[in-house]
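First the structure, in the form of structure tokens, and then the observations on it.
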Amino acid sequence: MRNRERERSVAATMEPENELIAQRREKLEALRKKGIEPFGCAFETSGSIGEVRNKFKEGEIMRAAGRITAHRDMGKSHFVDLRDATGRMQIYLHEKEVGAEAMEIFKLLDLGDFIGVEGTCFLTKTGEPTLKAHKFEVLAKSLRPPPEKWHGLQDVEARYRQRYVDLVANEQSLETFQKRIAMVREVRRFLEDRGFLEVETPMLQAVAGGAAAQPFSTHHKALGLDLYLRIAPELYLKRLMVGGFNKVFELNRNFRNEGISRKHNPEFTMLEIYQAYANFEKMADLMEELICHLAERICGSLKIEHRDADGNVTRTIDLKRPWRRARYMDLVGEVAGNDWFELTGEERRFRAAKELKLEIIPQLADFEVTQHVFEKLVEEKTFDPLFVTHCPKELVPLAKQNKTDPALVDVYELIINGVEMSPGYTELNDPDAQRQRLLEQAGEETQKIDEDFLLALEHGMPPAGGLGLGIDRLAMMLTGAESIRDVVLFPLLKPKRD
RNA sequence: GGGUCGGUAGCUCAAUCGGUAGAGCAGCGCCCUUUUAAGGCGUUGGUUCCGGGUUCGAGUCCCGGCCGACCCA
């Protein structure tokens, strides 16, 4: 009694109830009146639905549990689809098998409810593997109706806000996330097989270093200490190099307090790898190998096809090795004229604006004008893999300068699918040069100097290669997602208010 | 931050020039013992995102706001 009263008051505090929800609540009560607890307990299964389907053998008894996603009512016999993330299994229900009482309970079930079934495997006329139920249990009642069965959940906002509904209603969305999960698993296997150790370094940092980005700030009460969520793990992974770890990686979240776009979520997943005694070229080889491995494992091919909603191929990315490697200056020359670097700053601005039709705001430094040309005319137009090497040092303060041209750094920037996918460096391990470079950059980028990191370098860091890989962007490339929000389970949105 | 587009039943979508808000699915009732987007007959369901304004009359036009998508910065 008391329970029921509490339930009513819970219901009453929520939004005005619609008829469909009210009906489901009535069924909930009706089940309880029959002595059935609609939010059941543990149910022994023969495995996930996918596993039951694999083990399926005519005549054998199996137990499966899942969500009811379809009901085909033939009068005395009923067909029900049971689903979980591993697949679908058809259940056949008939009064002869389960008894009249169970059929009364079955009438109180809805699409979206969870049940557990024990039944005999058989094939229908059309050859569909089916469990002929002899008993079933109610495992959980769903109080809200599922989306339309054919179109699924289309509303983009609802798909992000209620991803759990999206995953149930849209098979394509489920596939995308399963691919992402497989990708992350394969990255770990690949690196472990090659002797890399996975490490965990601080996400709360007193100085947010390792990249030029706005951090999120927070506060530790007990220490009275302002802290930042990390924008990169780089400086801690390098401390581990100092500590004697020669091959390490970290695969986890970074946070950047900046704009949200098709390519940016404030929290995103990054892989960083460091290898002692390597250089950027060795890291490029490793990256090539890793991404090809992932493509083969997840997509079964090095040719990745992106399709639109109608299934037409909109883009094909060819990952066939070896991947092109070209110098930054040569690539800019290809699109902006081979004399680009002989021009004065003024001439470059003029050409970029007038001939190349780019918007050049006056605040840009000279190297930023060139970088803008690079981003618009090279990066955004390059879909097959391209390693851009020997970038200007202003762009990369943590990499080693080139021996023959100190204006350049020994790095690659890997572009695939029109976006920067992975940077790789020959890491700077000279503490004095590192301090100088950070000071040069700190002026404009408000990057504070991490003195403890410099202290670590003074203890000696072996020469090393390092790389980063944007896992979200890689997932977009491998799944054909147009937006990062389609590969992040719960992307950041403004809360909905009344 | 700026621009463009969008928000209609639980879901997917209609609604002509400003003139009674509709359909399919889901739900509910009935028929049907191998269906699979099951089928047939009937039927319920609306704060048209929110707040103002114009008008005899607003889902539609105007202003403001909220949320989202895309583009730009």
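Every chain is numbered from 1 and lettered A, B, ... according to where its sequence line falls, protein lines coming before strand lines. Predicted model, so just to flag it, every value in this text is computed and none were measured.
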Exercise. Applying a 3.5 Å limit to both distances, which nucleotide forms a Watson-Crick or G-U wobble pair with G57(B)?
Worked result: none

Exercise. How is K149(A) classified with respect to the nucleic acid when contacts are heavy atoms under 4.0 Å: base, sugar-phosphate, or nothing?
Worked result: sugar-phosphate

For this session: Using the C1' atom on both, measure A15(B) against A9(B) and round to a whole Å.
Result: 14 Å

Can you pull every protein N or O that's under 3.5 Å from an N or O on nucleotides 29-33 of chain B?
unit_1	atom_1	unit_2	atom_2	d
C32(B)	N3	G75(A)	N	3.4
C32(B)	N4	D73(A)	OD1	3.4
C32(B)	N4	G75(A)	N	3.2

Close N or O pairs between protein and nucleotides 42-46 of chain B (under 3.5 Å):
unit_1	atom_1	unit_2	atom_2	d
G45(B)	O4'	E19(A)	OE1	3.3

For this session: Considering only atom P, compute the distance from G57(B) to C30(B) and round it to an integer number of Å.
Result: 46 Å

Seminar exercise, completed: Between Y228(A) and P215(A) the two heavy atoms that sit nearest each other are CD2-CG, 3.6 Å

Seminar exercise, completed: Here the distance between atom P of U12(B) and atom CD of E148(A), to the nearest Å, is 8 Å

Problem set entry | For atom NE2 of H151(A) and atom C1' of A37(B), their distance in whole Å | 10 Å

For this session: Report the distance from atom NZ of K263(A) to atom C1' of C72(B), rounded to the nearest whole Å.
Result: 12 Å

Problem set entry | Atom-pair distance (CD1 on I68(A); P on G27(B)), nearest Å | 11 Å

For this session: Provide, to the nearest angstrom, the distance between the CG atom belonging to L131(A) and the P atom belonging to U35(B).
Result: 18 Å

For this session: Please report, rounded to the nearest Å, how far the P atom of C13(B) is from the CG atom of L153(A).
Result: 10 Å

Exercise. Does the side chain of H151(A) come under 3.5 Å of the side chain of E148(A) through a donor N or O and an acceptor N or O?
Worked result: yes

For this session: Assign R262(A) to base, sugar-phosphate, or nothing according to its heavy-atom contacts below 4.0 angstrom with the strands shown.
Result: sugar-phosphate

Exercise. Do K55(A) and E51(A) meet the salt-bridge criterion of a basic N to acidic O distance under 4.0 Å?
Worked result: no

Exercise. Looking only at side-chain N and O atoms, does R485(A) come under 4.0 Å of OP1 or OP2 in C70(B)?
Worked result: yes

Exercise. Closer to the 5' end of RNA chain B via nearest nucleotide, is it G152(A) or R88(A)?
Worked result: G152(A)

For this session: For RNA chain B, find the residues of residues 154-172 of chain A with a heavy-atom distance under 4.0 Å and give them by number; none if there aren't any.
Result: Q154(A), D155(A), V156(A), E157(A), Y160(A), R161(A)

For this session: Scan G259(A) against the nucleic acid and name what it touches under 4.0 Å (heavy atoms): base, sugar-phosphate only, or nothing.
Result: nothing

Exercise. Does the distance from a Lys or Arg side-chain N to an Asp or Glu carboxylate O, for E128(A) and R88(A), drop under 4.0 Å?
Worked result: yes

For this session: Give the rounded distance in Å between these two atoms: CG of N18(A) and P of A26(B).
Result: 17 Å

Exercise. Does K132(A) have a side-chain nitrogen or oxygen under 4.0 Å from the phosphate oxygens OP1 or OP2 of U35(B)?
Worked result: no

For this session: Considering only atom P, compute the distance from C13(B) to G45(B) and round it to an integer number of Å.
Result: 24 Å

Seminar exercise, completed: Ordered by number, residues from residues 98-124 of chain A within less than 4.0 Å of RNA chain B (heavy atoms) are L111(A), F122(A), T124(A)

Problem set entry | Interatomic distance at C1', G7(B) relative to C50(B), whole Å | 11 Å

Exercise. Out of G10(B), U35(B), C11(B), which nucleotide sits closest to the side chain of L20(A)?
Worked result: G10(B)

Exercise. Going from CD1 on I36(A) to CD on E104(A), what distance comes out if it is rounded to the nearest 0.5 angstrom?
Worked result: 12.0 Å

Exercise. Within the distance-only criterion (no hydrogens, no angle test), does the side chain of T218(A) pair as donor or acceptor with the backbone N or O of L227(A) below 3.5 angstrom?
Worked result: no

Problem set entry | U60(B) to G53(B) separation - P atoms, rounded to the nearest Å | 14 Å

Exercise. Is N170(A) reaching over with its side chain to a backbone N or O of L153(A), donor-acceptor style, under 3.5 angstrom?
Worked result: yes

Exercise. Under a 4.0 Å N-O cut-off, is there an ion pair linking E305(A) with R315(A)?
Worked result: no

Problem set entry | Inter-nucleotide C1' distance (U55(B), C62(B)), Å rounded | 12 Å

Problem set entry | Span that lies between the P atom of G40(B) and that of G22(B), in whole angstrom | 23 Å

Exercise. Can a donor-acceptor pair under 3.5 Å be found between the side-chain atoms of E128(A) and the base atoms of U35(B)?
Worked result: no

Problem set entry | Nearest-Å distance once atom P is located in both G59(B) and U20(B) | 10 Å

Problem set entry | Residues forming a salt bridge (charged side-chain N to carboxylate O under 4.0 Å, His left out) with R348(A), sequence neighbours excluded | none

Exercise. OP1, OP2 of A38(B) versus side-chain N and O of R72(A): anything below 4.0 Å?
Worked result: yes

Seminar exercise, completed: Closest non-hydrogen contact found for D113(A) with D110(A) is OD2-N, 2.8 Å

Exercise. In whole Å, what is the span from the CG atom of D486(A) to the P atom of G68(B)?
Worked result: 15 Å

Exercise. Could R349(A) and D366(A) be called an ion pair, given the rule that one side-chain N must be under 4.0 Å from one carboxylate O?
Worked result: yes

Exercise. Is the backbone N or O of V396(A) less than 3.5 Å from a side-chain atom of R437(A), with the two atoms forming a donor-acceptor pair by type?
Worked result: yes

Seminar exercise, completed: Regarding the side chain of L493(A), the nearest nucleotide among G68(B), G27(B), U34(B) is G68(B)

Exercise. Would you find a donor on one side and an acceptor on the other, under 3.5 Å apart, between the side chain of R253(A) and the backbone of E267(A)?
Worked result: no

Exercise. Any side-chain hydrogen bond (donor to acceptor under 3.5 Å, both in side chains) pairs touching residues 329-344 of chain A, not counting sequence neighbours?
Worked result: R324(A)-E334(A), D339(A)-R351(A), W340(A)-T370(A), T344(A)-E347(A)

